[in-house]
Amino acid sequence: MTEKTTERKRKVCCWLWHVFDALDENKNGLVDKQQLRIITAHIGNSLGVNNSSLVANRLAEYFKDSPDSINFTDYYDFISSQKFIEGDLIDMKKFEDVSWMLCSKKYKGRELESFHLNDVYKLWQIFNILVEPDVFPISIDREEFEILLEKMVTAMGKKWKQAQFDELYKDKQFLKFTELLSALECDYGRLMDKMVLQMAVKDVHDECVREVEKKGMIKKKGHMIKSWKERWFVLMQDSITYYTDRSEQEAKGQIVLTPLWKVELIDDGKYKNMFRLYKDEKSTNEKTSYEFSASDRRERQEWVSAINLVLKRLQVEDCSMILQGAQERQQERIKIRNQQKEVEEKQRQKDEEIELMKKRLEEKEREAEEEAEKRKKMDEEETARREKMAKDKELLEEQMAALLLEHEKTMNQAEAAAEMRRKRELEEEKRRQDDLEELKKREEELNDMKGAVEEAERRAKEEAEKRHLKELEEEEKQSILKEEKEKQAQELARIQTERAEAEKKLEQEQELRKQKEEEEMRKTNEYLEELKRKEEQLNEVRLGMEDAEKRAQMEEEQKLAEQRRREELELLNKDLEDLLQSEKQAKRDEEIVRAVQARLLDEESEKREQLERLKEEQEKMLKEERERRENLEQRSEELEIQRLEQARVLEEERMKLEDLEEKRIDADNKLKVDDKPFNNETNGYSTKDGISNCDVPALVINNEEINNVISDSPEK
């Protein structure tokens, strides 16, 4: 894309934005689609675009899915995509006029209408030349705003006050056209004469928009009629236009400049300080040579230098110094902004990296905190579990101790019961033995008694045999024996009964003892099973404690690993802090660089201001020198007149002197002829004519006065 095409696109974007802003009544950056469709068709028809109605209808179609209002970026993208007004055949001046016509209504009815609408249009044109590219809303940089305001204030004849500007606009980087107009009408041009403001706008407009290099009144030789007439000439970047007077209302002609034109000094003819503008090629349709006459040599040299400068620019297709300076400043600002964007992008990337590292660190810290929280919870759970296990262990130990105690007690009881049972068994056995021994004794007694009975029967028989006679006694004895037998039989039956009862009772006791033993054995087995179960539980608890100790050991290892990770995180955090410190240092260095750049820019601005002041002082000195030269020429003329007058007076005095000299000679001759001696009393000579010697000094005095007059003349 060529520079010319880029400039055309910039102008189109700028003018379209002004039209869009004029339609934005709510100042929210949005305009109704129907209004934009109508305006698009109107602009196309005004510029003679063939498909303007079609493009306007496409706009409604293009944004049919969008809201009722659209922003400028979308609108301009649509216009660019349709290649609506990008052709080289589009009249840019007409496009500018149409755009101004559409947006000029918003500048009517201002609070202080110090400027006529035509002057507002000129300011609008100046503003559009200085706008910053790719900045919306359309605005100019503070630096260009300051330079433009300074030019306007200087053109108004006022002194520029930097402190006032800094105070008013210290917080603004970009300013819109309404702010420029408000600054000129309310702050800097308030209560000033409208004619002064109009002339100031015209001067700045000529300098910035028309790119006027020089203007002034010089004489020009006619083409057909070789007469010399004074004309007001305006030298621009591609032409020289001349008018009848300074108002520039009636143009008498225009010289379109090309790189083929040349300018040279020529010898004085009818007029002095002449120069010629010509081109080598011959053409029958246009004039190829013009002759001019300046008021003095200095003005002639200024015109020749200015024309040469314009011709050189035409050769390289360059613009004026003013616009070139504005473009250079704009490029410098764009470069600085790009550098700042690069720095900001790098800073943003670094910030993103730092933010990412911070997030990672925060995530790691969060993970560490979560891990620490989990570990804390696990520690708390483990502590609680350990406490519970300790309590359970203590309880189990207590239970085990109680069980052991109970077991010991039970064992003791069992031993005591067994001992008692053994004792009882021994006693029972002893009692049984005793009973058996008693039964044996009784059996022995019975046997003895049987033996006794048998012995008695035998004795009775013997006695019966012996005592047959004593039957009564024997009967009695028999009856006694019978009774004794019966008693013995009863006693034996009783003993047998008691023995059977004792045996039965013994069997019952044995059965009960067996049942008790079985019950005790069952209880002992149950108790042993309970002890075994509790011992298994205790083993499980011991295994759990061993597992807990292993887990605690593992957690301790995890703690150590976590501590190592924390140390690594702390090292990473330290590295990050060092990186942040280095980044802060880089930011400080960058701020220092920016400050140095700003200082260099300020110094450059101060140098530029000093150069401008020096230029103004030089112009002022040149003006003063010119005035002084004019005064000197005027003084020289006056002195010439005085010299001529003094020469005339001197001539008259010389004539008088010659007459007096003749008279003196005649007097001397008469004195020589006269024979009268010198009179000492009178200190003179007596003459016939009555002239004494005392009159001669009077002649001498007159001669000295004449010499004084001669010495005062310019031709001493």
Side-chain angles (χ1 to χ4, degrees), residues 93 122 125-126 151 154-155 195 198-281 283 285-315 318-324 615 618-619 622-623 626-627 629-630:
K93 184 68 176 72
K122 290 179 180 178
Q125 286 181 312
I126 298 169
K151 287 182 182 295
T154 306
M195 185 60 68
Q198 184 179 359
M199 293 301 296
V201 172
K202 183 178 181 301
D203 291 342
V204 179
H205 184 267
D206 288 344
E207 184 180 5
C208 297
V209 179
R210 296 177 66 195
E211 299 184 47
V212 174
E213 187 69 29
K214 184 172 176 57
K215 57 172 66 177
M217 188 73 77
I218 57 176
K219 292 184 178 65
K220 172 186 166 294
K221 185 179 180 180
H223 178 54
M224 301 300 293
I225 301 173
K226 305 298 182 181
S227 61
W228 290 81
K229 291 183 180 180
E230 276 194 336
R231 299 295 184 202
W232 179 260
F233 281 81
V234 178
L235 172 62
M236 291 180 286
Q237 299 304 306
D238 56 356
S239 64
I240 300 176
T241 308
Y242 49 96
Y243 304 87
T244 55
D245 53 19
R246 293 174 179 267
S247 63
E248 300 180 10
Q249 298 295 325
E250 184 182 356
K252 299 301 290 183
Q254 187 180 42
I255 306 170
V256 179
L257 298 176
T258 64
L260 299 175
W261 287 89
K262 296 179 181 179
V263 63
E264 66 177 1
L265 302 176
I266 58 175
D267 297 333
D268 295 343
K270 183 178 179 181
Y271 292 95
K272 295 181 178 181
N273 307 315
M274 294 177 63
F275 62 96
R276 184 166 70 100
L277 179 66
Y278 68 97
K279 60 180 177 179
D280 294 334
E281 65 177 9
S283 175
N285 297 327
E286 61 179 353
K287 186 177 178 182
T288 58
S289 180
Y290 295 88
E291 292 183 7
F292 307 95
S293 175
S295 59
D296 53 31
R297 291 177 181 276
R298 181 174 177 273
E299 188 176 6
R300 178 180 68 172
Q301 188 60 42
E302 287 177 355
W303 275 101
V304 171
S305 300
I307 294 171
N308 275 325
L309 184 61
V310 170
L311 293 176
K312 286 180 182 178
R313 289 198 194 119
L314 286 173
Q315 290 176 358
D318 205 351
C319 58
S320 66
M321 293 295 292
I322 301 296
L323 295 182
Q324 189 176 357
K615 183 179 177 182
Q618 287 177 351
E619 290 178 354
L622 288 170
K623 187 176 179 181
R626 187 186 296 174
E627 291 176 356
R629 285 177 62 184
E630 291 175 356

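Along the sequence shown, residues carry numbers from 1.
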So how far is it from [X] [atom1] to [Y] [atom2], rounded to the nearest 0.5 Å?
| X | Y | atom1 | atom2 | result |
| --- | --- | --- | --- | --- |
| Ile255 | Thr241 | CD1 | OG1 | 8.5 Å |
| Asp296 | Glu302 | CG | CD | 8.0 Å |
| Met236 | Lys215 | CE | NZ | 9.5 Å |
| Ile307 | Lys214 | CD1 | NZ | 10.0 Å |
| Glu250 | Asp245 | CD | CG | 7.5 Å |

Whether the side chain of Ser293 engages the backbone of Lys272 through a donor-acceptor N/O pair (distance < 3.5 Å, no angle test) should be reported. yes
Closest non-hydrogen atom pair, [X] against [Y]:
| X | Y | answer |
| --- | --- | --- |
| Gln315 | Pro259 | CG-CB, 3.7 Å |
| Ala306 | Glu213 | CB-CG, 4.1 Å |
| Val310 | Gln237 | CG1-O, 3.4 Å |
| Tyr243 | Ala251 | CD2-CA, 3.4 Å |
| Arg300 | Ile266 | NH1-O, 3.9 Å |

Quick check: do [X] and [Y] have side-chain heavy atoms less than 4.5 Å from each other?
| X | Y | result |
| --- | --- | --- |
| Ile240 | Leu277 | yes |
| Lys122 | Val209 | no |
| Trp261 | Leu314 | no |
| Thr244 | Arg231 | yes |
| Phe275 | Ile218 | yes |

Aromatic plane relationship, Phe233 with Trp303 - under 30° parallel, 30 to 60° tilted, over 60° perpendicular: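 Geometry flag for Phe233 against Trp303: perpendicular rings.
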Begin from the C-alpha positions of Met274 and Trp228 and carry the test side-chain contact (heavy atoms from CB on, under 4.5 Å) through to its verdict. CA-CA 12 Å; Met274 294 177 63; Trp228 290 81; 3.4 Å; yes
Pair Arg210, Glu248 - check salt bridge (charged side-chain N to carboxylate O under 4.0 Å, His left out), show working. CA-CA 13 Å; Arg210 296 177 66 195; Glu248 300 180 10; 3.0 Å; yes
Could you tell me whether Arg276 and Glu291 make a salt bridge, using a distance below 4.0 angstrom between a side-chain N and a carboxylate O?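 Here Arg276 does not pair with Glu291 in a salt bridge, since their nearest N and O are not under 4.0 Å apart.
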